Engineer: 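There's a structure below that I have some questions on.
Every value quoted in this text rests on a predicted model; they were computed, and no experiment measured them.
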Amino acid sequence: MFLPLSGEIIEFNDALESNPESVNTDPYGAGWMIKIEVSNLDEVDSLLSSESYKELIGA
């Protein structure tokens, strides 16, 4: 799995096993995928905003 941040995955959302559509219907709530303990906070600045990502994918 490729992650845009370095660190350690500390939690997986097991609820996605039975309700994977929540990734699309509630991505900022019940549809979260993983929790990461970030080891280099400077990498956060290189992440796209939701608006930039939508522009990138043409949404």
Engineer: I need the minimum non-hydrogen distance between Ser22 and Leu16, along with the two atoms involved.
Structural biologist: OG-CD2, 3.2 Å
Engineer: Just grab all the salt bridge (Lys or Arg N to Asp or Glu O under 4.0 Å) pairs involving residues 11-33, residues at least two apart or on different chains.
Structural biologist: Glu11-Lys35
Engineer: Could you list the donor-acceptor pairs under 3.5 angstrom formed by side chains in residues 46-59, with sequence neighbours left out?
Structural biologist:
from, atom 1, to, atom 2, distance (Å)
Ser46, OG, Glu43, O, 2.7
Ser49, OG, Ser52, N, 3.0
Ser49, OG, Ser52, OG, 3.1

Engineer: Kindly work out whether a path of hydrophobic side-chain contacts (I/L/V/M/F/W/Y, heavy atoms less than 4.5 Å apart) joins Val23 to Ile9.
Structural biologist: yes
Engineer: Can you name the nearest heavy-atom pair linking Asn40 to Ser6, along with the distance?
Structural biologist: CB-OG, 3.8 Å
Engineer: Would you say Met33 and Phe12 are hydrophobically clustered, going by side-chain heavy atoms of ILVMFWY under 4.5 Å?
Structural biologist: yes
Engineer: Would the distance check show the side chain of Asn13 and the main-chain N or O of Ile34 forming a donor-acceptor pair, the cut-off being under 3.5 Å?
Structural biologist: no
Engineer: Applying the 4.5 Å side-chain criterion to the ILVMFWY set and letting contacts propagate, would Leu5 and Leu41 be lumped into a single cluster?
Structural biologist: yes
